[in-house]
Amino acid sequence: MTEVTALIPAAGRGERFGSRTNKLWVEIGGRPVLEWTLSAFENHHRVRFIVVAADDDNLPRVRKLQAQFQKLIAVVSGGRTRAESVMCALAAAPGSSEVLLVHDAARPAVSADLIDRVIEGAERWGACIPALPISDTVKRVDGQHTVLETIPREIADEKIAWRLFTAQTPQGFRSERLHRAYDHLHQLGGQVTDDAGLAEAAGIEVKVVAGDPDNVKLTKPTDLNDLIHILAPRWARSGIGYDVHRLGADRPLVLGGVIIPHDTGLIGHSDADVLIHAVCDALLGAAALGDIGHHFPDDDAANRDRSSLEFLTEVKATLQKSGWHPHNVDATLLAEAPKVAPYRIKMQGNIAQALGIDESCVSIKATTSEMMGFVGRREGMVCWAIATIIPI
Ligand code: CTP
Ligand code: MG
């Protein structure tokens, strides 16, 4: 199999991002951007080695990551421009590698599929980049914010058909071609902004494979929000909740915040909504924030007969303070009677509203206990719930 090495320029200053911490050390889901990027290549079955070019201030910190990332065989000093940093990494790449990938450290959400496509493209054509067709109208604008011209996005003429694309990384090359491309660096000065640009200048044909809209480059602060959303499902957490309440006369039956006509109701300090209690515990459990008894003690008079939907709203606020947002909830109620199916939609809506999530992310199911045990004898009800949370 072809030996593949990833070269990762990580020596930039992140000026457009503008924070005191270099953008590559900003954490997403508790993990620095650079680590997200490295893990994409570390975990890719076709990548054998990784070389990083870092700025001198961060060299020791990046070198420490070698303990965590086995494929990270070299961490070298970068240069003043991205291209110079790539050149430094290139000099440290193993001579045995047949395909070299160059990937911006600032693109932490690169997918395994995209890396695959680029490696296959580089093997097949020698030089290959991922790119996305432009869908907005493109204008050339001068320093006074005046439009100079509209640049056509595509020309459909049979002989000279073309269309505009935006280039991403990783850009993949057969090793000899990347070396040949970088031989041109000093001739071209600072004019090229990507590796393929140098290859083109060297007369090397570069092919395009499908890019990925999620492969966002962290450039401006607003890119961070996009990346958090893209990466969030990769570090979601789950929690389980369980609750049981006794049934008795002279109590309204409240389930999922809905008062359901029935000859008995659940007994408890609050409204004893067993379903919401299980959901609260699942959410708190996912964030490792204790349980409902800890947050809403049953010896606190303020909680007497309180609607459990209020607990749920407070649980959401508690999660929020710790940086979490509910993503989805699934619950199973064990009740011999009454039939809850007619109230399901309303209950799901109540939970979705309290948590500020879409109704499609809340599921409630119910089952009888086939007349067995305390649920079967209609002495009480049980509810199980599972919840997934994602970082804000
Ligand atoms: N890069 C590099 N060496 C440089 C400049 C950039 O290794 N002298 C790297 C960056 O660390 C980044 C990638 O090249 O991973 C793409 O560059 P860019 O997004 O422009 O990052 P910065 O140069 O750090 O940001 P800015 O241009 O806003 O200062
Ligand atoms: Mg830059």
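Both counts, for ligands and for their atoms, begin at 1 and track the order of listing.
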Between H269 and D298, is the side-chain hydrogen bond (donor to acceptor under 3.5 Å, both in side chains) condition met? List the steps. CA-CA 6 Å; H269 186 68; D298 61 8; over 6 Å; no
Steps toward side-chain hydrogen bond (donor to acceptor under 3.5 Å, both in side chains) verdict (S111, D113): CA-CA 5 Å; S111 71; D113 282 351; 5.4 Å; no
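- Near S85, with a cut-off below 4.0 Å to any heavy atom, the atoms of ligand 1 are 2 (C), 3 (N), 4 (C), 7 (O), 8 (N).
- Heavy-atom proximity to R80, at under 4.0 Å, picks out these atoms of ligand 1: 8 (N).
- Residue, atom and distance of the protein heavy atom nearest to atom 19 (O) of ligand 1 are K217 NZ, 2.6 Å.
- Which of K220, E15, R16, R13 comes nearest to atom 20 (O) of ligand 1 through a heavy atom is settled by distance: it is R16.
- Under a 4.0 Å criterion applied to the non-hydrogen atoms of A105, ligand 1 contributes the atoms 15 (O).
- Between L24 and ligand 1 there is a heavy-atom distance shorter than 4.0 Å.
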Might you work through the salt bridge (charged side-chain N to carboxylate O under 4.0 Å, His left out) test for E336 and R378, ending with a clear yes or no? CA-CA 6 Å; E336 207 57 31; R378 305 183 182 209; 5.9 Å; no
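- The side chain to side chain donor-acceptor pair (under 3.5 Å) test with S308 singles out one residue from D243, D271, D273, and that residue is D271.
- The closest non-hydrogen atom to atom 4 (C) of ligand 1, taken over V86, T81, V102, comes from T81.
- Looking at atom 12 (C) of ligand 1, its nearest protein heavy atom turns out to be P9 O, 3.8 Å.
- Here the heavy atom of the protein found nearest to atom 16 (C) of ligand 1 is D104 OD1, 3.5 Å.
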Between R13 and E15, is the salt bridge (charged side-chain N to carboxylate O under 4.0 Å, His left out) condition met? List the steps. CA-CA 5 Å; R13 301 168 59 96; E15 272 162 9; 3.1 Å; yes
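- Contact annotation: G79 has at least one heavy atom less than 4.0 Å from an atom of ligand 1.
- Looking at atom 24 (O) of ligand 1, its nearest protein heavy atom turns out to be G14 N, 2.7 Å.
- Nearest protein heavy-atom contact of atom 7 (O) of ligand 1 is A11 N, 2.8 Å.
- At least one heavy atom of K23 sits less than 4.0 Å from an atom of ligand 1.
- Residues V382 and V254 fall into different hydrophobic clusters, defined by Ile, Leu, Val, Met, Phe, Trp and Tyr side chains chained together at heavy-atom separations under 4.5 Å.
- Considering K217, R82, K23 as possible partners of D104, the one that fulfils the salt bridge (Lys or Arg N to Asp or Glu O under 4.0 Å) test is R82.
- No N or O atom of T219 sits closer than 3.5 Å to an N or O atom of ligand 1.
- Ranking protein heavy atoms by distance to atom 14 (O) of ligand 1, first place goes to R82 CG, 3.4 Å.
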Would you please test D223 and K220 for salt bridge (charged side-chain N to carboxylate O under 4.0 Å, His left out) and show each step? CA-CA 5 Å; D223 299 325; K220 307 173 293 326; 3.4 Å; yes
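- I204 and V86 fall into different hydrophobic clusters, where Ile, Leu, Val, Met, Phe, Trp and Tyr side chains are chained together by heavy-atom contacts under 4.5 Å.
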Yes or no on side-chain hydrogen bond (donor to acceptor under 3.5 Å, both in side chains) for S270 and N303, after CA distance, side-chain angles and deciding distance? CA-CA 6 Å; S270 65; N303 293 330; over 6 Å; no
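- Of all protein heavy atoms, the one closest to atom 10 (C) of ligand 1 is G12 N, 3.7 Å.
- Annotation: L218 places no N or O atom under 3.5 Å from an N or O atom of ligand 1; distance criterion only.
- Looking only at atom types and distance, the side chain of S175 has no donor-acceptor partner in the side chain of E98 under 3.5 Å away.
- Residue contact check: A106 has heavy atoms under 4.0 Å from atoms 15 (O) of ligand 1.
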